[in-house]
Amino acid sequence: MSNPHKTFTATVLGLPRIGPNRELKRATESYWAGRVDAEALHAVAADLRTAQLTAARDAGLDSVPVGTFSYYDQVLDTAVLLGALPERVSGIADELDRYFAAARGNAEVAPLEMTKWFDTNYHYLVPELAADTAFSLHPDKPLAELKEALELGVLARPVIVGPITFLKLAKSVDGSDLLNRLPDLLPLYEQLLGLLAEAGAQWVQIDEPSLVTDLTETELAAVRTTYQRLSEVSARPSILVAAYFGRLGVALPVLAETGIEGIALDLVAGQDADVAVARSITDKLIVAGVVDGHNIWRVDPDHALPLLTGLREAGVSVAVSSSCSLLHVPYSLDSETDLDERLRGWLAFGQEKIAEVRVLATALAEGENPVAQALAIARAAVADRKADPRLRVASVRERLAGLGADAIRRAPADERRTVQQERLKLPLLPTTTIGSYPQTSRIRVARAELRRGEIDQAEYDKRMCAEIAEVIALQEEIGLDVLVHGEPERNDMVQYFAEQLDGFAATINGWVQSYGTRCVRPPIVYGDVARPTVMTVEWITYAQSLTSKPVKGMLTGPVTILAWSFIRDDQPLSDTARQIALAIRDETVDLEAAGIGVIQVDEPALRELLPLRKADQTTYLDWAVDAFRLATSGVADATQIHTHLCYSEFGEVIGAIAGLDADVTSIEAARSHMEVLDDLNAAGFDLGVGPGVYDIHSPRVPGSEEIEKSLAQALKAVPAERLWVNPDCGLKTRRNDEVIASLRNLVAAARALR
């Protein structure tokens, strides 16, 4: 290797930041509510970073990522670093408040758009750039966090989002080709490299996950130019370019030709193609991501070690790593005392993955003897998992094998629309909400009391029925046309179902960040999936008994349950999706039998699982659409099927959205200004659609005139008889006062346009 800096042997590509008990979430929300000041928030953040950095150091990592901490999102942090926040927040004097305004908006300022981070359930803020955006370097955050780590005696490696990924993920607000801005960004990255070296960094990690997507020749040339130029900076740290969530493919030899010192490869998601090329790269450090940072299963040492030793025997300098940042897995298994003990032995969360990295690095460097016990435990766990009978349930597999093509078919949409209107008698521009209503303190108290055994299930159910009655009455008073029961009994739209399905397990404290302070606890799919009994029917029929208006049955779709869970990796995703779809199908049939005329099966994660390379996408979309249709095609034509999608790059899955054949599709559109409707029309979409007119991820209350203007824009693309009026997403995270005011304005706007 050309750089004189010391190399390393064991690392991870990033660390979580919410806190092992969601401390950052609570502190940030307290700051937003005015209960604590900025100093108190910064103190919580500093304590979390200190604990995490020292734990990583003490666990034996000889290079620790720093700068992966964020108060909201790493792409937003990069926009701050490069002076690229939108002009509309520039008038906010306080730096922290300006940052949060860009992230979530305020009463006067609309936030940046938000969408999924590649094929994960993490959301990033989309930078808004133009041909004339003026970039400038603001390096205080990375420099301060590097200094903090070095003072703790941590072998710190600053992490920054790379210029190509930043530009590819940004939105061009003037239609210009953002890659043309690369020459304007590179001097800032060169300057930053010099500052980091001066501050004591020996390595810097530049994250370029966009390189695992399909790249044009122009983009490949930009990769070559960028990293050759950065490698020529005279005084700089060694450069590690990290790409993850897939194979680098043609970008790998391009990077190998530049003067950078290291390349981090995801050898879980992109092993076969990249390993063959990596064997020939003997002048750089290959950071081998063999420990899965995106899922929670133990590493199989009999798979990982031969891969690592094969690289070393080819003359490659190798460090062991996670495949991606540990942002995507929970902190530790320590608190998971309620998990089935056999299942628990198969798992590794963040803390355990760091230990796995160290064990594999030791075995690679010194042989297996020093870590023989750890390797034996891992091998026994892998073997035990393969032998567990819950992984293959004959009754589930036989039922799926017996389904014919008719199981995913309904009558033509026009025929369904006629009989549904006869049944439901809805006005033009019918108004509804997506599902959840704010989780009141009463709900949280009841849930905690039930968990502690202070109340029994009957008392809990009684309290939830009271919440449902209140929400139904509120919707009646506001004047909504199709109601929901508010979902007070649900802790999460996936976990709620997972807790009632065979083949799933739920955690106590397995929290991961979805966006900002929104944290989720993904359940674990470990075996074949089946529905032992009804899951929602009693709640929905109770709500329907309180009103003459239709109440939607609310279910989560098979693809979203799959995407928002930690999934089994021992069979194709399509097989697991079909098993979940069959369970949801059974629930739709039971809801219909109970008299429910509208059933919503949400698929907000349809885009999320889309493979990053086009060659792999058609197969995925085919089975994803079939899974949804399997879940929803068991009901009669007069039963109206809704679905909901949110915060994605919909253009890439427009054809699949049409293929779902849902009678009504509600879809995020407030932040993206109805752009999705033109895409839907271009795909020949002729079903009901509800483009969101109220951005629920912001505390802003949209006025009725603003909503009316959005609807008027939507009516240019969608005829009134197919247009629905609804928020972007569920209302669980919003305050009651915001929700009530916004929904009143929504109903007023719809009535004005009728």
Side-chain angles (χ1 to χ4, degrees), residues 408-435 472 475-476 478-485 540-541 543-555 588-603 628-629 631-645 657-667 669 677 680-681 683-693 707 711-712 714-727 743 746-754:
I408 60 171
R409 291 181 188 151
R410 299 180 79 200
D414 286 345
E415 295 179 20
R416 304 196 310 260
R417 186 179 295 122
T418 299
V419 294
Q420 289 165 14
Q421 183 58 21
E422 289 174 358
R423 178 181 185 180
L424 300 172
K425 297 178 173 56
L426 296 172
L428 278 179
L429 307 182
T431 56
T432 189
T433 57
I434 301 305
I472 293 292
Q475 293 171 91
E476 290 264 28
I478 289 173
L480 290 162
D481 300 306
V482 176
L483 313 187
V484 298
H485 78 295
I540 304 301
T541 52
Q544 185 64 80
S545 73
L546 302 174
T547 178
S548 60
K549 291 184 174 181
V551 175
K552 289 192 282 191
M554 298 300 305
L555 304 172
T588 64
V589 170
D590 284 339
L591 281 166
E592 181 183 63
I596 302 304
V598 183
I599 301 173
Q600 182 169 310
V601 181
D602 289 342
E603 283 291 22
F628 179 87
R629 293 179 70 154
T632 56
S633 296
V635 298
D637 295 342
T639 297
Q640 190 173 77
I641 295 293
H642 288 226
T643 191
H644 170 66
L645 299 96
I657 294 173
L660 297 176
D661 197 33
D663 298 301
V664 179
T665 299
S666 57
I667 195 164
L677 295 180
L680 283 170
N681 285 337
F685 189 85
D686 61 355
L687 297 154
V689 62
V693 294
I707 295 174
L711 288 172
L715 282 165
K716 295 176 182 177
V718 179
E721 60 269 19
R722 291 201 287 112
L723 187 66
W724 284 64
V725 184
N726 47 258
L743 292 181
L746 182 150
V747 169
R751 287 176 174 171
L753 281 173
R754 282 175 191 158

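Screening L429, I707, L428 for a side chain to side chain contact (heavy atoms under 4.5 Å, CB included) involving L753 leaves a single residue, L429. Partner V635 forms a side chain to side chain contact (heavy atoms under 4.5 Å, CB included) with one of L591, T588, I596 and no other, that one being T588.
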Checklist entry - When you look at L426 and V482, which way does the side-chain contact (heavy atoms from CB on, under 4.5 Å) test go after all the steps? => result CA-CA 8 Å; L426 296 172; V482 176; 3.7 Å; yes
Item to check | Worked check of side-chain contact (heavy atoms from CB on, under 4.5 Å) between R423 and V419 | outcome: CA-CA 6 Å; R423 178 181 185 180; V419 294; over 6 Å; no
Checklist entry - Should V664 and V689 be marked as a side-chain contact (heavy atoms from CB on, under 4.5 Å) after you check the CA-CA gap, both sets of side-chain angles, and the distance that decides it? => result CA-CA 5 Å; V664 179; V689 62; over 6 Å; no
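With a 4.5 Å cut-off on side-chain heavy atoms, P550 and L483 do not count as touching. Contact of the L723 side chain with the P430 side chain is not registered, since no non-hydrogen atoms from C-beta on lie closer than 4.5 Å. Looking only at side-chain heavy atoms (C-beta outward), E422 and T418 come within less than 4.5 Å of each other. Contact check for N726 versus V693: no side-chain heavy atoms found under the 4.5 Å cut-off. The shortest distance between side-chain heavy atoms of V598 and I641 does not fall below 4.5 Å. Inter-residue side-chain proximity for M554 and V484 is flagged as met; some heavy-atom pair is nearer than 4.5 Å. Residues I599 and Q640 fail the side-chain proximity criterion, which asks for heavy atoms closer than 4.5 Å. Here the side chains of L746 and T431 are in contact, with some heavy-atom distance below 4.5 Å.
Listed by chain and residue number, Q600 satisfy the side-chain hydrogen bond (donor to acceptor under 3.5 Å, both in side chains) test with D602 (two or more places apart in sequence, or in another chain). In this structure, the side-chain contact (heavy atoms from CB on, under 4.5 Å) partners of A658, at least two apart in sequence or on a different chain, are F685. Residues that satisfy the ring pair (Phe, Tyr, Trp, His ring centres under 6.0 Å) test with H642, not counting sequence neighbours, are W724. Remark: A752 engages E708 in a side-chain contact (heavy atoms from CB on, under 4.5 Å) (not counting sequence neighbours). For E476, the side-chain hydrogen bond (donor to acceptor under 3.5 Å, both in side chains) partners are T547, not counting sequence neighbours. Remark: T432 engages K552 in a side-chain hydrogen bond (donor to acceptor under 3.5 Å, both in side chains) (not counting sequence neighbours). D663 meets the salt bridge (Lys or Arg N to Asp or Glu O under 4.0 Å) test with R410, R416; sequence neighbours excluded. Here I408 pairs with D626, R629, L630 under the side-chain contact (heavy atoms from CB on, under 4.5 Å) rule; sequence neighbours left out. With sequence neighbours excluded, no residue forms a side-chain hydrogen bond (donor to acceptor under 3.5 Å, both in side chains) with T632. For A636, the side-chain contact (heavy atoms from CB on, under 4.5 Å) partners are E592, not counting sequence neighbours.
Across every non-hydrogen atom of F628 and V601, the tightest pair is CE1-O, 3.4 Å. Heavy-atom minimum distance, T643 versus A662: CG2-CB, 3.8 Å. Minimum heavy-atom separation, A720 to L715: CA-CD2, 3.7 Å. The heavy-atom pair separating I434 from S666 by the smallest distance is CD1-OG, 3.4 Å. Pairing each heavy atom of A594 with each of T541, the nearest pair is CB-CG2, 3.5 Å.
Rounded to the nearest 0.5 Å, atoms CD1 (I478) and CG (L480) are 6.0 Å apart. Going from atom CD of Q544 over to atom NE2 of H485 covers 12.5 Å, rounded to the nearest 0.5 Å.
Listed by first then second residue, pairs satisfying salt bridge (Lys or Arg N to Asp or Glu O under 4.0 Å) with a partner in residues 634-644 number zero, not counting sequence neighbours.
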